[in-house]
Amino acid sequence: MHPSESARTVLVPVASDRTGYRSWRRGVLRALSVKNKVGFITGKWKKPGSDDANFDQWARCDDKVTSWILNSLSKDLADSLQYVSDAKELWQELEDRYDQTNGAKLYQLQKEINDLSQGALDITGYYTKMKRLWEELTTVNTHAQCNCQCTCGAKANMHKAEQDRRLIQFLMGFNEVYTVVRGSIIMMNPLPSIAQAFSILIQEEKIREVKSSNQLAMESASLNVN
């Protein structure tokens, strides 16, 4: 344990209140990895016997990890978990309660994605919201994840097809003022990545902002002359 590591530490900026568990979970795992403490919740660093020379040190570290996780939960949720025996039990309880992949969650996420459109959002805001939903859908849909070593190219082709589908879905939600640039992107062969399309659209947004500013300046000057 580093001397600066306090039991009051909060691992993620937003406390979990049962919703958005997957995003919260990723943030906690990342924070614990940085602190080299993931082994306490996975069981990699097992609890030594009470007569072991390292028992007190292990218990002190485990109590801190437990405190960090509880500090990162909403008050009512943390109160219901105060009597767990160690960090591993706490983490397992959270996994059993909230890390459930089910059809209702998949349906909810897919519906949010299908219904999402730019509306009053700027391009960055729209892209960020869509990307967050895609990432959450990927983590929930465990059947779509594959770690196999592919040599025939099928995995890469499937990944490209999925990225193309998401690109079209992303473009469909844009306001009508972006019809021309959207058509230009769709006509590209092969289709660009979502990040490349985002870059093109950001440039178009900046051009529109400049044109709008110039138009306002010209109208203001015209009024002064009149």
Side-chain angles (χ1 to χ4, degrees), residues 11-31 33 72-74 76-77 91-150 152-202 204-205:
L11 297 173
V12 290
V14 180
S16 174
D17 58 354
R18 300 179 181 85
T19 59
Y21 175 76
R22 291 272 180 158
S23 299
W24 176 88
R25 179 180 185 273
R26 290 184 68 186
V28 168
L29 286 173
R30 187 179 295 114
S33 176
S72 303
L73 299 169
S74 62
D76 62 330
L77 188 53
W91 190 254
Q92 190 60 54
E93 180 70 18
L94 289 168
E95 294 282 88
D96 292 342
R97 286 190 192 185
Y98 307 114
D99 190 26
Q100 300 297 321
T101 300
N102 53 59
K105 184 62 175 177
L106 289 170
Y107 175 85
Q108 176 195 345
L109 287 170
Q110 192 61 63
K111 190 174 188 307
E112 284 187 53
I113 291 170
N114 292 341
D115 294 345
L116 183 61
S117 59
Q118 182 186 1
L121 296 170
D122 60 10
I123 290 177
T124 300
Y126 171 53
Y127 173 73
T128 301
K129 195 169 183 179
M130 179 70 85
K131 194 170 187 298
R132 181 184 61 80
L133 289 170
W134 281 334
E135 289 176 350
E136 190 170 357
L137 182 65
T138 299
T139 58
V140 170
N141 192 10
T142 55
H143 297 294
Q145 299 172 26
C146 175
N147 297 318
C148 300
Q149 296 297 323
C150 179
C152 68
K155 186 176 179 179
N157 291 336
M158 290 175 63
H159 178 72
K160 174 60 177 170
E162 175 63 15
Q163 292 303 303
D164 288 349
R165 186 188 67 79
R166 289 186 174 186
L167 173 64
I168 298 301
Q169 195 171 45
F170 176 58
L171 294 174
M172 287 173 63
F174 273 95
N175 295 335
E176 291 303 313
V177 293
Y178 293 101
T179 299
V180 174
V181 67
R182 177 171 54 193
S184 300
I185 294 171
I186 292 173
M187 293 299 292
M188 292 181 181
N189 188 20
L191 286 172
S193 67
I194 298 171
Q196 290 170 333
F198 171 73
S199 178
I200 294 170
L201 287 158
I202 282 290
E204 176 69 16
E205 183 180 57

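Worth knowing before you read on, the calculation uses all heavy atoms, side chains too, and leaves out hydrogens, waters and symmetry mates. On a predicted model such as this, the values are computed, not experimentally measured, just so you know.
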**Student:** Tell me if a side-chain donor or acceptor on Ser199 pairs with a main-chain N or O of Ala195 at a distance below 3.5 Å.
**Tutor:**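 Absent.
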**Student:** Please find out if less than 6.0 Å separates the ring center of Phe198 from that of Phe170.
**Tutor:**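 No; Phe170 has its ring centre 6.0 Å or more from that of Phe198.
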**Student:** Using modelled atom types only, decide if a donor and an acceptor are shared between the side chain of Ser33 and the backbone of Leu29 within a distance under 3.5 Å.
**Tutor:**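 Not at all, since once roles are kept as given, no pair shorter than 3.5 Å links the two residues.
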**Student:** Is there side-chain contact between Tyr178 and Ile185, with at least one heavy-atom pair below 4.5 Å?
**Tutor:**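 Side-chain contact under 4.5 Å: no.
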**Student:** Rounded to the nearest 0.5 Å, what separation is found between the OG1 atom of Thr138 and the CD atom of Glu136?
**Tutor:**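 Reported to 0.5 Å precision, the distance equals 10.0 Å.
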**Student:** Output yes when a side-chain donor or acceptor of Gln118 lies under 3.5 Å from a complementary backbone atom of Tyr126, and no otherwise.
**Tutor:**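 Judged by distance alone, no pair lies under 3.5 Å.
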**Student:** Of all residues at least two apart in sequence or in a different chain, which pass the side chain to side chain donor-acceptor pair (under 3.5 Å) check with Lys131?
**Tutor:**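 Once residues adjacent in sequence are excluded, the partners of Lys131 under the side chain to side chain donor-acceptor pair (under 3.5 Å) criterion are Glu135.
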**Student:** Would a 4.5 Å heavy-atom cut-off, applied to side chains only, mark Arg97 and Glu93 as touching?
**Tutor:**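 The answer is yes, as the side chains (C-beta and beyond) meet within the 4.5 Å cut-off.
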**Student:** Could you tell me which non-hydrogen atom of Ser74 sits nearest to which non-hydrogen atom of Asp76, and how far apart they are?
**Tutor:**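 It is OG-OD1, 2.8 Å.
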**Student:** To the nearest 0.5 Å, what is the distance between CG (Leu109) and CG (Leu133)?
**Tutor:**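 So the gap between those two atoms works out to 6.5 Å.
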**Student:** Closest heavy-atom contact between Gly27 and Val12?
**Tutor:**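 Heavy atoms only, the tightest pair is C-CG1, 3.5 Å.
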**Student:** Would you call Ile194 and Trp134 a side-chain contact if the rule is heavy atoms closer than 4.5 Å?
**Tutor:**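 With C-beta onward as the side chain, the pair touches.
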**Student:** Output the distance between atom CZ (Arg165) and atom CD (Gln163), rounded to the nearest 0.5 Å.
**Tutor:**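 Here the rounded value is 9.5 Å.
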**Student:** What's the shortest heavy-atom distance between Leu116 and Lys129, and which atoms?
**Tutor:**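 Looking at all heavy atoms of both residues, the closest pair is CD1-CD, 3.8 Å.
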**Student:** Under the rule for side chain to side chain contact (heavy atoms under 4.5 Å, CB included), what residues qualify as partners of Thr179, not counting sequence neighbours?
**Tutor:**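 With neighbours one apart ignored, the set is Glu176, Arg182.
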**Student:** Stepwise, does the side chain to side chain contact (heavy atoms under 4.5 Å, CB included) test hold for Lys155 with His159?
**Tutor:** CA-CA 6 Å; Lys155 186 176 179 179; His159 178 72; 5.8 Å; no
**Student:** Can any side-chain N or O of Trp24 pair as donor or acceptor with the backbone N or O of Ser72 at less than 3.5 Å?
**Tutor:**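 Such a contact is found between Trp24 side chain and Ser72 backbone.
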**Student:** Just verifying a value: how many Å separate Arg166 CZ and Leu171 CG, rounded to the nearest 0.5 Å?
**Tutor:**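 The CZ atom of Arg166 sits 14.0 Å away from the CG atom of Leu171.
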**Student:** Provide the full list of salt bridge (Lys or Arg N to Asp or Glu O under 4.0 Å) pairs with a residue in residues 113-126, sequence neighbours left out, each pair given once.
**Tutor:**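 Qualifying pairs, neighbours excluded: Lys111-Asp115.
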**Student:** Once rounded to the nearest 0.5 Å, what's the spacing between atom CD1 of Ile186 and atom CG of Asp164?
**Tutor:**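 CG of Asp164 is found 11.5 Å from CD1 of Ile186.
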**Student:** I'd like to know whether CE of Met188 has more than 12 heavy-atom contacts from other residues, nucleotides or ligands below 6.0 angstrom.
**Tutor:**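 Counting other residues, nucleotides and ligands, CE of Met188 exceeds 12 neighbours.
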**Student:** Do Phe174 and Val181 have side chains that get closer than 4.5 Å, going by heavy atoms?
**Tutor:**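 Phe174 vs Val181: side chains apart.
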**Student:** With rounding to the nearest 0.5 angstrom, report the OH to CD distance, Tyr21 to Glu95.
**Tutor:**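 The CD atom of Glu95 is 3.5 Å from OH of Tyr21, to the nearest 0.5 Å.
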**Student:** Do Gln169 and Asn114 come close enough that some side-chain heavy atom pair is under 4.5 Å?
**Tutor:**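 With C-beta onward as the side chain, the pair touches.
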**Student:** Do Val28 and Trp91 have side chains that approach each other closer than 4.5 Å (heavy atoms only, starting at C-beta)?
**Tutor:**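 In contact.
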